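Below is one structure; the comments refer to it alone.
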Amino acid sequence: MAAAPPPLKDELDIVIPTIRNLDFLEMWRPFFQPYHLIIVQDGDPTKTIKVPDGFDYELYNRNDINKILGPKASCISFKDSACRCFGYMVSKKKYIFTIDDDCFVAKDPSGKQINALEQHIKNLLSPSTPLFFNTLYDPFRDGSDFVRGYPFSLREGVPTAVSHGLWLNIPDYDAPTQLVKPRERNTKYVDAVISIPKGTLFPMCGMNLAFDRDLIGPAMYFGLMGDGQPIGRYDDMWAGWCTKVICDHLGLGVKTGLPYIWHSKASNPFVNLRKEYKGIFWQEEIIPFFQAVTLSKDATTVQKCYLELSKQVEDKLGKVDPYFVKLADAMETWIQAWDALNPPNSNSISKSKSK
Amino acid sequence: MRNPPTLLSLAIDSAVINFCRISDLSFVPEHILLELFVGKVFLRFFIKVVQSDCIRDVTATGTIEVEIVNPERMSQVIIKDDEVDIVIGALQSDLTSFMEAWRPMFSRFHLIIVKDPDLKEELKIPGGFNLNLYTKSDMDKVVGLSSTKDSKGELTDAVAQHITNLTTPATPFFFNTLYDPFSEGTDFVRGYPFSLRSGVECGLSCGLWLNLADYDAPTQALKPSARNSRYVDAVLTVPARAMLPLSGINIAFNNELIGPALLPAFRLAKEGKFRWETVEDIWTGMCAKVVCDHLRLGVKSGLPYVWRQERGSAVESLKKEWEGVQLMEEVVPFFQSVRLSEAAVTAEDCVAEIAASVTEQLGRANPMFARAAEIMVEWIKLWKQVRSQ
């Protein structure tokens, strides 16, 4: 009997930022080869990054980004993996899976290799349940269901916009925690997928992430980081907070949990501390800002939500540091660039239920 | 804006949270030890330090005077056996096999056994337990549970896990993607605000069930062979303002903090003896969550699991009673939006305010809700009376 074709083979792009090499793809070959790759090459554009044979891909370096976006290229970070969001913008597919080049295939407790992409697809194609917490976690998984007391009117769930995966081995800790616990490894395999409740924020990690580009793509801007910027390692955080607020507003779901990948490289904690330092303090102002954000009834598309958000960032966070004024500006530029590359009528959604 | 702290103090803040896991401090430079031991945060870890051997190493490095400013706070860290009651509702008269199965975990503690008032026969309880038996009772807990095995195949101690859940902080204001940051081998992830890392007290610990999960009658009737075989090795804090269905089968709570909120109030007209025929705990759970959210206490869900045996027929229950299921649909928007005043500072105050809101907003539509609110008010009166004796 012929095997089923890989799910969403022609509807999903894998976006990989890299500055070194793509050797890690060899281990992923059985799972990734059917899919189209978008490589975003950071750093020196004169360097040639070799893509292993047999993969179907497009590759963009800094020169390409500048050529395609012109002056709008200023919103895409340089010398930081935040540049990956350029890949989201140029993709023509409905779904994106993004992964870091130091992430490998993990094994589940039975020893079987985990097809992370397949799990992300399952997460995205089944509804989320952010409006009421199900104590048996994702009720749409095999072997699970809604528990007694779960309101029947909420059992249809909402469309899933984001699937946030986790990591075994090197955990995604901040620099101070890394300094105190350099040897801690995440060895616990938690066999669950959870919808993050509406109104709750979370720290989104870009290492192992998938999302529905049509539902939430324009919110996945990874900010201004790296070269010439006062902050780093907050790119995915920023995108996560914006995304969650917009998902809550538009009635979309965010899942976290499976799949696991194996994170192999621990970055230098002192380098990280320097990058994160300002972020650690600014975060204390940023979080209350996002927790209090409200978007208007007129914000019925992701772009409209995002532009409203950018104005509030300028108004309220601009006082914390002028960086946020620059960031708000870059958020606007991002939306303009997104719309230029993705004509609005095919990608925006209208708000289905008012909350 | 505040002055940025030093790298030293940032590292110390993180170290302090993990301090109790370090058994030998001799490698730590003296000036850092001074910061740790003389500072206010030391108190939380004093008990753990004294219990380990490391206190000897510290005093060997020189004279460090430790001033204990607030000795009463030290006792918060240790839970003594005589501070725990295990409450069991007896719906069948012969408890022998149940009690024997749980003997290794239960024998240290005091038990409160509450006999179903409708049960005619005398209860059969094996000897060797420290217990009080109550035959007049409002509590309805399912008997027919046994302990389960974890992913390593070892018998889990559900009581110990509940105690751990209740005595470690909860984190309801921001979701930690690595689940409980206070359990062994894990921590807060990058991006988790530092100001929220001390967490809040945990008021309620909700465990889960393997084999027969706590599904409602329609679900179990549709999927009669569905069994929960997935052991999810996690405890997580249910975020503030997120509602959850509380199952009374396997819970533990801090009686001092939220006892009044674990109330009996919502009895269905045709309520039966099987879980599928009740929604009382669901109502209680939503009240308790509102109270915890308001008082800034945490609610945890996940481990421990218990192994639940089969009882009753889902189809029969479905035929008998599903009015409750319909009624609960009406109350969800109410619980999701109810807000309590700043004057409500204890669980009793909170329950009284919720009861008043129930009367006002739900009572008119259906006398069942008005009755529930009355019971809640009576319960609080009774609670205060009994506690003051």
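Just so we're clear, the structure is a prediction, and the values are computed from it rather than from any experiment.
Within the 4.5 angstrom heavy-atom criterion, no atom of A/I286 approaches chain B. Heavy atoms of B/A234 lying under 4.5 Å from chain A belong to its backbone as well as its side chain. A/L201 touches chain B through backbone and side chain together, each having a heavy atom under 4.5 Å away. Interface residue A/R185: only backbone heavy atoms are found under 4.5 Å from chain B. At a 4.5 Å heavy-atom cutoff, the contact between B/S195 and chain A is made by backbone and side-chain atoms alike. Contact annotation for A/Y137: only side-chain heavy atoms (C-beta onward) come within less than 4.5 Å of a heavy atom of chain B. Heavy-atom distances place no part of A/T187 under 4.5 Å from chain B, backbone and side chain included. Only the side chain of A/R155 comes within contact range of chain B, with heavy atoms under 4.5 Å apart. Only the side chain of A/T200 comes within less than 4.5 Å of a heavy atom of chain B; its backbone N, CA, C and O stay farther away. With a threshold of 4.5 angstrom between heavy atoms, B/V238 approaches chain A through side-chain atoms but not through N, CA, C or O. In this structure, chain B has heavy atoms under 4.5 Å from both the backbone and the side chain of A/P203.
For the set B/W209, B/F175, B/F174, the entry with the most heavy-atom pairs within less than 4.5 Å of chain A is B/F174. For the set A/P130, A/G143, A/G149, A/P109, the entry with the most heavy-atom pairs within less than 4.5 Å of chain B is A/G149. For the set A/P151, A/G240, A/A175, A/P171, the count of heavy-atom pairs under 4.5 angstrom toward chain B peaks at A/P151. The candidate with the highest count of non-hydrogen atom pairs below 4.5 Å against chain B, out of A/Y150, A/F202, A/W167, is A/F202. With chain B as partner, the option from A/R141, A/Q291, A/K319, A/E276 having the largest number of non-hydrogen pairs under 4.5 angstrom is A/R141.
In this structure, B/R296 forms a cation-pi arrangement with B/F173, its terminal cationic atom sitting closer than 6.0 Å to the ring centre and no more than 45° off the ring axis.
In summary, the aromatic rings of A/W282 and A/Y234 are positioned with their centroids too far apart to meet the 6.0 Å limit.
Ion pairing between A/D100 and A/R84 holds under the 4.0 Å rule for side-chain N and carboxylate O. A salt bridge links A/D236 with B/R190; the closest basic N to acidic carboxylate O contact falls under 4.0 Å. Using a cut-off of 4.0 Å between Lys/Arg side-chain N and Asp/Glu carboxylate O, B/R197 and A/D174 are scored as salt-bridged. A salt bridge is absent between A/D248 and B/R241: the closest approach of a Lys/Arg side-chain nitrogen to an acidic carboxylate oxygen does not fall below 4.0 angstrom.
Remark: A/S126 pairs with A/D138, A/F140, A/K255 by the side-chain contact (heavy atoms from CB on, under 4.5 Å) rule, at least two apart or across chains.
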**OP:** Could you walk me through whether A/I231 and A/M225 pass the side chain to side chain contact (heavy atoms under 4.5 Å, CB included) test, one step at a time?
**Re:** CA-CA 6 Å; A/I231 187 176; A/M225 306 278 148; 4.0 Å; yes
**OP:** Take A/F290 and A/W238, measure what ring-ring contact (aromatic ring centres under 6.0 Å, His included) needs, and give me the verdict at the end.
**Re:** CA-CA 10 Å; A/F290 278 107; A/W238 183 263; 5.2 Å; yes
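A donor-acceptor pair shorter than 3.5 Å can be found between the side chains of A/N272 and A/S267.
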